[in-house]
Amino acid sequence: MKRTLIKIEGIVQGVGFRPFVYNLANYMNLAGHVLNHGKGVEIEIQGPEKSVDAFAQRVMNEAPPMAHIIKLEEVSIELKSTRGFSIEKSMGEGEKSALIAPDSDVCKQCIRELFDPQNRRYRYPFISCTDCGPRYSIITDIPYDRPNTTMGRFSMCSECRAEYESPQNRRFHAQPIGCHSCGPRLTYRDSNFKPASYTDPLEATMIQLKRGHVVAIKGIGGYHLAVNALDEKAVHRLRELKKRDEKPFAVMFPSYGALIPFIMENDTVRSLLESHSRPIILVEKKYSRLMKSASPRNRYIGAMLPYTPLHHLIMSDAFLGAMIMTSANNSDEPIVFKDEDALEKLGGVADAFLTHDREIHTREDDSIERPMSHGSVVLRRSRGYAPVPIMLNREYPSILAVGGDLKNTFCLIKGSKAFLSQHIGDLKHKSVYEALGETIERFMRLLDIKEVEAVAHDMHPDYMSSHWASEQKMAPTVAVQHHHAHMVSLMAETHQEGEAIGIIFDGTGYGEDGGIWGGEFLVGGINGYQRMGSVSPVPLPGGDKAIQEPWRVALAILGGIYGPNIPRMPLSWLIELSEDTKNNILKMATNRLNSPLSHGMGRMFDAASALVGIRSKITFEGQAALELEMALENPVEEGYPMGVVENDGLPILDFYPVFQALVEDVIREKPTEFIAARFHQAVVQGAATVAMRLKKQTGLDRVFLSGGVFQNRYVSDRLGQRLREDGFTVFRHRRVPPNDGGIALGQALIAGQRILAGKEK
Ligand code: ZN
Ligand code: ZN
Ligand code: FE
């Protein structure tokens, strides 16, 4: 006989962990008890030695779907004369540091009940259990208990209460429990947000969708704008109403099977789509012309599967083969999640509203992932992932890091855990900036963090996030270089330490010298870094305007190669350009008037995109580079000739020979697909050459690839492969975005390390 104390840390409260343990112990005929305690769950288990050991293994392997075990400790303790197994009362205070589960899709058992006419929750749009449903988005305070959720105002009927209180029931302590008679209800509202007197809100919604109308549907983290995705006219109208010219819309399909006609069959994609976090997955379309209005000029489509019971009810209507489900907002503002904002913000776009009375406490967008050859990469980390922590290698002081301005997220370190927030948005919008402060406050409350020792921010003095940091009164600020933060975010994600090489390719980041960096080769780690290489800068005539209008950079590059006598090229933007404007821009670039120099790798892709004739002006961030990647179909072996020059002993990638060869191919009217491939391959080869040189110089053979450019599958896959062949151990992002959505994690860790180092002195 043996008795073991098992301590489990992780997301183990509010996810059906205790009933699971209770049932397993009873099934295995073991005695003892389980309780919620401290940082998680504690079990005492007693019985024959073999069974007790097997029990711990099974707890690990068979944990409920929403549980997330971070640590499991076993200690032998003295035998007790107890019989049977029980769930005991929680040990008060400790619960505060327990982790909160992210929102999950509705589980299979609940779906079965949803469509079972005999079940009392038949077609109940808010069916859920301990294994599924909303969590993070409805929790208002800790500990996680019904009164501390937005379900608090619904009092359970006797039938629900009986389920809630029975440890054998799969709804034991399921806080979002409810039914037709006691839980939240749907309301259908007209375009003025007035409740309409239809008998069935769902039926009324389906009528609107069949007509090709736009319905704003309240979901888990906010409202979506929904329209029949197979009705091109309807999608087009939504695009006009939303003033969203070309940015792809996410599309919800009833099932993976329904998606097959549109894409190449793919088991990886299937398991990603069906995962509990139900992200939007970027999948390659069978023909690029499919669903043209949903994702114009794009070989990919952002696909997702239903994740709430309501989605399942809507998508079960046979007529809906696919439905646009785009975040409901005004252009780049945050997703609308409060009913009181719905009319004001969406009134001009939605023809009707399908809403309900379960309040969303925390706003969340859908997460976005892109499968790559090393695995799936999260590009937008939000619903289904937040607030799962990233485990750090050691304990740090409490730190808040406020991230960057684009794709903002923030990060809080508590002990050995880093909590990266959900996607907040672009801080240039006032409402997003306000959301940052609100979300930080909520996050600190839910994590029970009362104070932090430092607030880390980007070195850029004009970032709104830096402004936020300087305005707050909580703690001293720590400025962190942008690309260093990118590199360390990846080191944190992959639990690496020490010195290594970082290849950080992104659009724009503020450099130590006040210049614009973004094609950087760093050597260093959490403690610090050195810039050991970069790319030759290009002028941005007109400053930020050149980011919106890549043709300006392209023209400056042409001027740099050919002087004032630019060759004739079959490019409409160049042909349409007046002599005056052309000379003006060229003059600005050569005389460096309002033309800051940029080392940003993103600008090289933008310029190439304009020079190939793909995109000369953008309507959303990264569009020109994205469309250049979309033009590429097959890899090539030889890229354009990248120059590698020395500057102060540091290797610099020189793009001028690349652009010159590219321009010659454009003049010869070589296929766009081929030119795009050769440009991409030049970047891969150039980066590999510099990396190899740094390896020889430093003896380091670990390389970290981060920055927005690594959202590009060709660059990530091909450069990763090439570096492995060259003897590197290659690290790439999976769960933390390579773009600026990840830098808060790096900032937090760098600041934490600095404080630790200061204390050790
Ligand atoms: Zn369920
Ligand atoms: Zn009920
Ligand atoms: Fe960046």
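Position 1 is the first residue of the sequence, and the numbers go up from there. As the structure lists them, so they are numbered: ligands from 1, and atoms in each ligand from 1. Computed from a predicted structure; not experimentally measured.
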Are the ring centres of [X] and [Y] closer than 6.0 Å?
X	Y	value
H482	Y510	no
F521	F505	yes
H680	F605	yes

Angle at the Zn ion (ligand 1) between SG of C110 and SG of C129, to 10°? 110°
Angular separation of SG (C107) and SG (C132) seen from the Zn ion (ligand 1), to 10°: 120°
I'd like to know: is the Fe ion (ligand 3) within the 2.8 Å range of an N/O/S atom from H486, strictly under that distance? yes
Are side-chain N/O atoms of H361 and E359 paired as donor and acceptor at under 3.5 Å? no
Using 30° and 60° as the class limits, which term best fits the ring planes of Y433 and H467: parallel, tilted or perpendicular? tilted
Y124 vs F126 aromatic rings, parallel, tilted or perpendicular, using cut-offs 30° and 60°? perpendicular
Contact check: C157 to the Zn ion (ligand 2), N/O/S below 2.8 Å: yes
Which atom, among the N/O/S set of D506, is closest to the Fe ion (ligand 3)? OD2
Can you name the N, O or S atom of D740 that is closest to the Fe ion (ligand 3)? OD1
Taking the Zn ion (ligand 2) as the apex, C160 SG and C182 SG span an angle, rounded to 10°, of 110°
